[in-house]
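As structure tokens, the structure follows; a few thoughts come after it.
Note that the structure is predicted; figures quoted are calculated from it, not measured. We're numbering straight along the sequence, starting at 1. As a basis for the values below, the full set of heavy atoms in this structure was taken, side chains included, without hydrogen atoms, waters or symmetry mates. Both ligands and their constituent atoms are indexed starting at 1 by order of listing.
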Amino acid sequence: MKKLLLLTLVMMFSHQAMADPFLSTFFRFKGVKPMDNDLYNESCGECHYAYQAGLLPKRSWEKMMLPEELEDHFGEVAELDEEDRVELLNLLVENAADTSFYKRSMKISRSIPEDATPLRITEVPYIKRKHKPMTDKYVKNNPKVKSLINCNACHREIDKGIFDDDTILIPNYGYWSEIKDD
Ligand code: HEC
Ligand code: HEC
């Protein structure tokens with residue numbers, strides 16, 4: 001991790017890297033870190049979008065991944081065998097919002113009071129604030145969205161950890177960047 005951070009800093013300040021559009025975009029770390037773990041995507045993407053670890057702090061994942069919590073996961077059984085549970089817990093903790101240097105993760109982490117352990121991303125103050133414009137017509141009464149938990153219904157580049165305005169396409173309405181000023 002330290003090596004990667006050092007490498008990143010070297011790359012960020014290298015003129016060569018900034019001249020390359022791919023590298024300069026990549027090294028801005030604007031969004032959240034993408035998740036490319038097959039076990040995670042299969043186990044935690046079964047009932048809803050497989051949320052990135054960088055969307056909640058460490059303490060939230062530690063609580064959510066307790067065996068007794070997984071037995072009653074928002075009213076559903078999301079049990080895992082012990083080996084998988086430990087592997088996924090470690091993956092989530094290592095990539096959690098409060099130790100990430102991705103910008104959205106840092107904003108998420110900073111917005112949560114220290115004594116709070118939210119289990120819902122949709123209840124994180126920063127996420128709530130950002131989605132104030134997402135009224136019922138766009139979400140609840142929109143059959144292709146239904147709930148704010150379906151992040152990927154609107155955030156079309158979320159698998160890459162990107163949330164920029166020009167990647168938000170609201171089903172039945174269009175690109176947010178085009179409709180927001182109407
Ligand atoms: C058996 C189905 C199922 C599985 C498997 C499952 N979940 Fe969930 N999860 C749910 C349900 C149901 C909700 C609540 C949905 C709602 O509010 O409409 C939920 C909600 C969540 C939320 C909160 C969403 C929000 O911001 O409101 C997170 C975070 C979450 N799950 C993470 C996980 C993780 C991590 C795993 C893998 C260990 C997992 N889930 C596996 C059914 C599941
Ligand atoms: C109904 C469509 C919709 C859904 C579903 C949705 N979002 Fe968003 N999201 C938006 C819009 C629109 C904005 C931009 C609001 C604005 O103008 O600031 C946004 C903004 C954001 C931002 C801030 C991006 C930035 O650059 O400022 C993040 C992070 C984000 N959403 C994450 C999520 C996550 C995580 C979920 C699922 C738990 C989710 N969103 C679900 C529409 C949606």
Can you find a non-hydrogen atom of E123 under 4.0 Å from ligand 1? no
Residue, atom and distance of the protein heavy atom nearest atom 18 (O) of ligand 1 read I149 CD1, 3.8 Å
If we number the atoms of ligand 1 from 1 as shown, the ones under 4.0 Å from a heavy atom of L119 are 23 (C), 29 (C)
Quick look: L88 vs ligand 1, heavy-atom contacts under 4.0 Å, and the answer is neither
re atom 32 (C) of ligand 1, the protein heavy-atom contact at minimum distance is M64 SD, 3.5 Å
Side-chain (T122) to main-chain (I149) donor-acceptor, under 3.5 angstrom:
no
P57 and I112 have their tightest heavy-atom pair at CD-CD1, 3.6 Å
Ligand 2 to V139, heavy atom cutoff 4.0 Å, flagged ligand atoms 1 (C)
To the nearest 0.5 Å, atom NE2 of H155 lies from atom CD1 of I162 at 12.5 Å
Find out whether N150 and Y49 are in side-chain contact, i.e. whether some heavy atom of one side chain is under 4.5 Å from a heavy atom of the other.
no
closest protein heavy atom to atom 25 (C) of ligand 1 is T122 OG1, 3.3 Å
Query raised in the report: Would you say the side chain of V124 lies within less than 4.5 Å of the side chain of S111, judging by non-hydrogen atoms?
Result: yes
What one should report as the nearest heavy-atom pair of Y175 and D166 is CE2-O, 3.6 Å
Hey, does the side chain of N172 reach the backbone of K144 with a donor-acceptor pair shorter than 3.5 angstrom?
no
Listed as residue and atom, the protein N/O/S atoms under 2.8 Å from atom 8 (Fe) of ligand 1 are H48 NE2, H73 NE2
Here the atoms of ligand 1 under 4.0 Å from any heavy atom belonging to M65 are 38 (C)
Heavy atoms of H48 and H73 approach each other most closely as NE2-NE2, 4.0 Å
Query raised in the report: Is there a side-chain contact between L56 and Y51 (heavy atoms, below 4.5 Å)?
Result: no
| R120 N/O to ligand 1 N/O under 3.5 Å | yes
Closest non-hydrogen atoms of D159 and P34, given as atom of the first, atom of the second and distance, are O-CB, 3.5 Å
Contact region, Y49 to ligand 2, non-hydrogen atoms below 4.0 Å, reads neither
A student checking ligand 2 against Y126 at a 4.0 Å heavy-atom cut-off should list atoms 23 (C), 27 (O)
Anything under 3.5 Å between a donor and an acceptor, one on a side chain of residues 131-139, the other on a protein residue two or more places apart or in another chain? List them.
from : atom 1 : to   : atom 2 : distance (Å)
H131 : ND1    : I127 : O      : 2.7

Across all chains, not counting sequence neighbours, the side chain to side chain contact (heavy atoms under 4.5 Å, CB included) partners of R110 are M106
For L80 and ligand 1, does the shortest N/O to N/O distance drop below 3.5 Å? no
*Would you mind reporting whether L92 and M64 have side-chain heavy atoms less than 4.5 Å apart?*
no
Within 4.0 Å of some non-hydrogen atom of V77, the atoms of ligand 1 are 1 (C)
Scanning both residues in full, the closest heavy-atom pair of G54 with S105 reads O-OG, 2.8 Å
Notebook entry, point to check: Would V124 count as a contact of ligand 1 if the rule is a heavy atom under 4.0 Å away?
Noted result: no
Does any N or O of ligand 2 fall below 3.5 Å from an N or O anywhere on W176, backbone included? yes
| field | Side chains of E79 and D84 in contact at under 4.5 Å (non-hydrogen atoms) | value | no
Where do K180 and I168 land on the side chain to side chain contact (heavy atoms under 4.5 Å, CB included) test, with the steps shown first? CA-CA 11 Å; K180 68 175 166 185; I168 305 173; over 6 Å; no
* To do: May I have the step-by-step check of salt bridge (charged side-chain N to carboxylate O under 4.0 Å, His left out) for R85 and E82, ending in yes or no?
  => CA-CA 5 Å; R85 188 188 70 84; E82 189 53 15; 2.8 Å; yes
So the protein N/O/S atoms within less than 2.8 Å of atom 8 (Fe) of ligand 2 come down to H131 NE2, H155 NE2
- Query: Looking at ligand 1, does S43 have a heavy atom less than 4.0 Å from it?
  - Reply: yes
Short version for N150: what comes under 4.0 Å of ligand 2, heavy atoms counted, is backbone
Practice problem: Evaluate the side-chain proximity of L55 to R104: yes if any heavy-atom separation is below 4.5 Å, no if none is. | Solution: no
